[in-house]
Amino acid sequence: MKRREQVVVAGAGHAGVQLAASLRGFGFDGQITLIGEEPCLPYERPPLSKELLGTENACFQTLHPLDHYSRHQVDLLNGVRVVGIDRGDQTVSTSSHEDVAYDHLVVATGATPRRLPVDGCDLDGVHVLRTSDDARALRAGLVPGAKLAVVGAGFIGLEVAAAAAAHGLDVTVVEAFGRVMERSVSPEISAYFERYHREAGVHLILGKLLHALIGADGRVQGLLTSDGTYVCADLVLIGAGVVPACDLAVQAGLEVANGIVVDGQLLTADPRISAIGDCAAFPHPDGRLVRLESIQNAADQARLVAARLTGTAAAYRAVPWFWSIQGSRKLQIVGLDAGVTSRRSYGDPTGRYSVFGFRQGRLAVVESVNDPGNHIWARKLFEAGSGSANPDETVLHENQFVNGEVDFKALARRAIKREVDAP
Amino acid sequence: MKITFIQQDGSSATVDVPAGTSVMRGAIGNDIDGIIAECGGSCVCATCHVYVEGGDIDRFPAVSDDEDEMLDLAAAPRRANSRLSCQLKCDSDEVTLRVVVPSEQV
């Protein structure tokens with residue numbers, strides 16, 4: 001009798017949980033072991049920086065109830081860390097001293113907050129935000145009137161800044177780059193949010209590097225920037241991005257380059273090991289390695305690998321999309337900002353607003369604030385063209401975007417129709 | 001609230017959902033198949049799409065502008081009775097709703 005096939009998933013975040021669910025959904029009848037280091041039931045990460053702050057008794061939102069796992073015969077080992085991979089024996093070793101055998105291993109270990117090489121990071125009152133434990137600890141300090149300093153004006157930093165300011169804290173954000181969300185959005189969107197946060201009472205200090213966190217009696221009192229600016233703080237959030245969790249891959253001799261390197265089907269050099277989600281560096285059609293930190297990427301990569309493991313192999317071509325909610329502003333992005341050489345913006349830079357970015361004249365990214373109509377038509381447009389080589393490129397040209405106003409829905413509709421009708 | 005989820009194969013399940021909780025959360029919390037809710041209720045993904053078949057729909061909020069836009073992204077065809085279940089919340093415990101789960105969400 002044939003032994004049941006065993007798939008082991010290292011990591012029970014959004015990617016790992018989706019992988020297990022999709023495997024069953026696609027008819028896999030082998031054994032699925034889902035191993036997560038956090039002791040709680042797998043939960044949603046996005047709310048940690050948004051609505052869970054400022055609400056005293058909010059429970060963390062689980063991705064699925066406990067009986068989901070048993071009902072779908074997913075063996076969930078939570079509070080257990082995978083500590084090593086034995087590729088020869090095809091087993092993983094775990095923190096509970098149990099070795100688990102695999103026919104296929106999916107690494108979905110995610111990423112961890114970047115620590116800054118400055119003095120004072122271990123002072124009480126200095127926080128990072130990735131896990132539910134982090135959120136609980138941060139939330140405890142978020143009392144009206146307290147001074148919060150946020151280091152890093154990325155998505156997490158700004159979401160927390162907005163939520164904390166709305167909850168009555170005195171918030172200062174210190175950012176090394178000259179504009180907010182520099183790595184991910186256009187200058188136009190940076191300007192939009194700088195204005196929005198300042199009008200909400202958040203102090204933004206841009207273009208200043210953090211030099212040190214200053215404390216007394218083991219507790220943080222403030223921070224010092226490299227040019228000597230001192231900011232008082234009762235608590236500090238370091239929102240300086242995340243680094244992919246690659247230790248397992250390094251130890252196992254798998255290639256790592258800002259992420260666990262995989263091919264277009266999200267397979268490592270070991271045919272029995274895949275990697276997905278925040279930890280995976282995959283090839284973009286233009287040749288470079290890309291690593292995306294988003295729910296969409298985690299979920300779509302999970303679905304792709306589950307499909308491959310149940311007999312339907314395909315290259316990863318999903319259209320990248322993303323959202324961030326900062327106060328009353330919902331930013332939605334389709335496509336990628338890298339390589340954009342020109343932009344057109346439309347709407348009200350204090351309200352409903354969209355920025356269209358072009359790469360060699362072709363529409364490559366659409367950023368919308370409180371403008372879901374433009375966002376969804378952009379997604380449909382990108383998805384209509386995803387039979388082509390590049391998932392973050394469309395057929396629309398910059399010369400179709402005139403000054404003044406653009407009826408993007410009409411433009412997108414016509415372009416989609418041409419894509420659909422093409423022989 | 002009593003929410004009945006009807007699957008494409010005709011099977012159904014009726015669950016109790018506390019007032020103030022969305023129909024989407026009721027589905028996820030009761031492990032109802034076919035409702036994905038990838039964005040966790042932020043009205044950005046359209047993967048919690050349902051067709052409202054009957055019940056006290058007038059006790060629930062009408063379609064907002066945002067939901068109206070996002071419904072055009074739903075994977076299954078949009079119909080007159082399409083709603084995003086993350087937006088279906090009611091303050092009363094006494095209501096009932098019957099919804100059909102579409103064949104696809106992605």
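Everything numeric in this text was worked out from a predicted model, so none of it was measured.
- With a threshold of 4.5 angstrom between heavy atoms, His14(A) does not approach chain B through any atom at all.
- Dense packing is recorded around CG of Asp58(B), with more than 12 heavy atoms of other residues, nucleotides or ligands lying under 6.0 Å away.
- The OG1 atom of Thr62(A) lies 7.5 Å from the CZ atom of Arg25(B); values are rounded to the nearest 0.5 Å.
- Separating the CH2 atom in Trp377(A) from the CG atom in Leu73(B) is a distance of 9.5 Å, to the nearest 0.5 Å.
- Here Arg71(A) contributes atom CZ and Asp31(B) contributes atom CG; the two are 4.5 Å apart, rounded to the nearest 0.5 Å.
- Here CZ of Arg303(A) is found 5.5 Å from CD1 of Ile36(B). Values are rounded to the nearest 0.5 Å.
- Atom CG of Asn81(B) sits in a crowded spot, with more than 12 heavy atoms from other residues, nucleotides or ligands closer than 6.0 Å.
- Contact of the Glu38(B) side chain with the Glu44(A) side chain is not registered, since no non-hydrogen atoms from C-beta on lie closer than 4.5 Å.
- Nearest heavy atoms, Cys45(B) versus Arg379(A): O-NH1, 4.3 Å.
- Heavy-atom minimum distance, Trp321(A) versus Val44(B): CZ3-O, 3.7 Å.
- Note that CG of Asp66(B) and CG of Asn370(A) are 7.0 Å apart. Values are rounded to the nearest 0.5 Å.
- In this structure the side chain of Cys43(B) reaches within 4.5 angstrom of the side chain of Lys330(A), judged on heavy atoms.
- In this structure, Gly29(B) and Pro65(A) approach most closely via the heavy-atom pair O-CG, 3.4 Å.
- Interatomic distance, OG of Ser42(B) versus CD1 of Ile325(A), reported as 4.0 Å (0.5 Å rounding).
- Under the 4.5 Å side-chain criterion, counting only non-hydrogen atoms from C-beta, Asn30(B) is not in contact with His68(A).
- With a 4.5 Å cut-off on non-hydrogen atoms, Asp68(B) does not touch chain A at all.
- Residues Lys380(A) and Glu69(B) are not paired through a salt bridge, judged by the lack of any N-O separation under 4.0 Å between the basic side chain and the carboxylate.
- By the 6.0 Å contact criterion, CG on Asp91(B) is open, its count of non-hydrogen atoms from other residues, nucleotides or ligands being 12 or less.
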